[in-house]
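Only one structure is covered here, and it is reproduced in the block below.
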2 protein chains.
Amino acid sequence: MSDRLTPTPAPAVADQVPERPGTTPGGVSAKTLLARLPLYEQIAEDLRAQIESGHLAPGAPLPSETVLIERYHVSRITARAAVRSLRAAGLVITEHGRGTRVRDASTGPIDLDTAVTHDPTSHRLTTWDDAWSPVEDAIRYRTTATGPLARTLALDDGEPLFAHERLLTPANDAPAVGAPRIAHTVFVPFAVCVDTPGIEADPFAPLPTLYAALTAVGHTLTWHDTITARMPTPDEAATLALPEGAPLLLHTRTTHGTDHRPLLHEHTRLDPHRITLTTTTTGPQL
Amino acid sequence: MSDRLTPTPAPAVADQVPERPGTTPGGVSAKTLLARLPLYEQIAEDLRAQIESGHLAPGAPLPSETVLIERYHVSRITARAAVRSLRAAGLVITEHGRGTRVRDASTGPIDLDTAVTHDPTSHRLTTWDDAWSPVEDAIRYRTTATGPLARTLALDDGEPLFAHERLLTPANDAPAVGAPRIAHTVFVPFAVCVDTPGIEADPFAPLPTLYAALTAVGHTLTWHDTITARMPTPDEAATLALPEGAPLLLHTRTTHGTDHRPLLHEHTRLDPHRITLTTTTTGPQL
DNA sequence: CAGTGGTCTAGACCACAAT
DNA sequence: TTGTGGTCTAGACCACTGC
């Protein structure tokens, strides 16, 4: 990686900087800390250490509840609490009747570039969803704007809009069980349809087509993105095949027109364990 | 909001699009679904409904375990399981000895703009952390690059670097209990220190200062960002005051120089319930 | 002090998966 | 059928909070 033939010289300040501090500050020994942890957390810690050391390899079954009860001499509730702690931390996954296994982190998350790029040959704005294909038929419906959705689209409460929900998976991917999935929803107000011939023709077209239709009527587009995470609803957990206790990553984007008028709103929900959002930006040439 | 004096006319396609489908497809009634839920989930659903309807207002105490046991005629474990479900969904927070209260979502999350902007007056690159101030003294240490960190910085395993951990809160904020917090860590390889006089002077300077030092030696900077979420370690949960069962939002940024050589790496950890990441981008003028 | 939630036990029945 | 995890009961003791 480094081109240097000699080790990197230490900067002058290095002498004044300590090595990385230990993880148990305040003069409390690790043993004391461990002893005052609840029993089930001590068991969880023990299993955690075995996972991190590779003693329990990814995919390997965790000791069953019965074994844990015997090995640690605890009640079943305590053993289960230990496993729950590991599950909540995302270290293991549990399947009813099959057992609990160490979570397979072998295939790291894939990247999803959130940038909207301009393809100079086709003169078309492209987004990530060009490289993703629907798992099942899209759900199309019409509804009315309320609450936060109405506010971000600057619509009165009750104004009608089209919605478009798609469940996507990477294109050219065998429909594997563990394949990453994205739940993508696009909202198009009736008002925007009416003002934009290309959109009125098909309000449920792919995003790049909607963008093209908007630029065709003279808009210079601006996007406002927000990213957050929260625990999924049971419904979201099911459609995205999220393991129990795993969080949901949420990306929303509002497309604004030339006069900063909001035109479209979309949100993207995904499993951060399988997909990571990325962007690359360049600073000014100085 | 809308300038129209008449209701938005429906586009022609509207007739072919159904209303929003119901949430219980497949001909299964809501009652049937509810009946086959575990007891504790039924109780949780009941409480959930009371929270969403406002019957249990934000900040209001949830019925105590004793009350739940009497009201629903269940054992304590079942009552606790119901509360745990609500806690995992982020709807309530529990404090030992004080009780469980409906989580206060009144103050929505604050925005954190991830953009690096160029201030034309000071000719300085600025980032969000200009508006945030440290809660406690920064932790400075030196360590060595290993694993993923070594790879993203294109360093050989074991090459030395400085690290800088800060816990930040919005500037001019009273140090309230529920104030948002950000855990920010910056890594600076020794090699970059040595090549950049402005950084060798103080490798632990704020980010805009580091950027300025890098542009001063001729670099045009590029940033590569990744965003993901996961469950926090107990340590992270403590420093960021994350409620039990709440996820952690993780933003990493690698700064590259003119020759795409990685120069700095930073990561930012925060509570997505209190802070949302945002960006605004503008498309090409067409 | 009383009331709250946190941990823990022993024992039971059920639902699901593999054999 | 066996072994797995999922739910549930009744009862106990402890730790923290606020009066």
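Order of the sequence lines sets the chain letters (A, B, ...), proteins ahead of strands, with each chain counted from 1.
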Integer-rounded Å distance: [N] [atom2] and [X] [atom1]:
X	N	atom1	atom2	answer
Arg101(B)	dT4(C)	CZ	P	15 Å
Ile43(A)	dC8(C)	CD1	P	8 Å
Arg80(A)	dT7(C)	CZ	P	16 Å
Ile93(A)	dA17(C)	CD1	P	14 Å
His73(B)	dC8(D)	NE2	P	16 Å
Ile69(A)	dG5(D)	CD1	P	9 Å
Leu39(B)	dC14(C)	CG	P	15 Å
Arg84(B)	dC8(D)	CZ	P	11 Å

Within the 4.5 Å heavy-atom criterion, are Arg181(A) and Asp271(A) side-chain neighbours or not?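 No, their side chains stay 4.5 Å or more apart.
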
Asp129(A) vs Ile182(A) side-chain heavy atoms within contact, under 4.5 Å: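 The answer is no, as the side chains (C-beta and beyond) never meet within the 4.5 Å cut-off.
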
Phosphate OP1/OP2 of dT9(C): any Thr78(A) side-chain N/O under 4.0 Å: yes

Using only side-chain N and O atoms of Tyr40(A), determine if any of them is under 4.0 Å from OP1 or OP2 of dC8(C). no

Atom [atom1] of [X] and atom [atom2] of [Y]: how far apart are they, to the nearest 0.5 Å?
X	Y	atom1	atom2	value
Ile139(A)	Thr185(A)	CD1	OG1	8.5 Å
Thr278(A)	Asp113(A)	OG1	CG	4.0 Å
Ile275(B)	Ile110(B)	CD1	CD1	5.0 Å
Thr268(B)	Leu250(B)	OG1	CG	8.0 Å

Walk along nucleotides 11-19 of chain D from 5' to 3' and tag each nucleotide B, S or - by protein heavy-atom contact under 4.0 Å, base first, then sugar-phosphate. -B--BBSS-

Between Thr279(B) (side chain only) and His224(A) (backbone N and O only), is there a donor and an acceptor less than 3.5 Å apart? no

So which of residues 59-68 of chain B are in contact with DNA chain C, with a heavy-atom cut-off of under 4.0 Å?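 Within residues 59-68 of chain B, the residues near DNA chain C are Ser64(B), Glu65(B), Thr66(B).
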
Reading DNA chain D from 5' onward, which residue's closest nucleotide shows up sooner: Ala81(B) or Glu95(A)? Glu95(A)

Nearest of dT9(D), dG6(D), dA10(C) to any side-chain atom of Ser75(A)? dA10(C)

Residue Val74(A), side-chain atoms from C-beta onward, closest of dT9(C), dG5(D), dT7(C):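 In terms of side-chain proximity for Val74(A), the closest of dT9(C), dG5(D), dT7(C) is dT9(C).
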
Is it true that the side chains of Thr100(B) and Arg87(B) contain a donor and an acceptor less than 3.5 Å apart? no

Close aromatic pair by centroid cut-off 6.0 Å: Trp128(A) and His184(A):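 Yes.
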
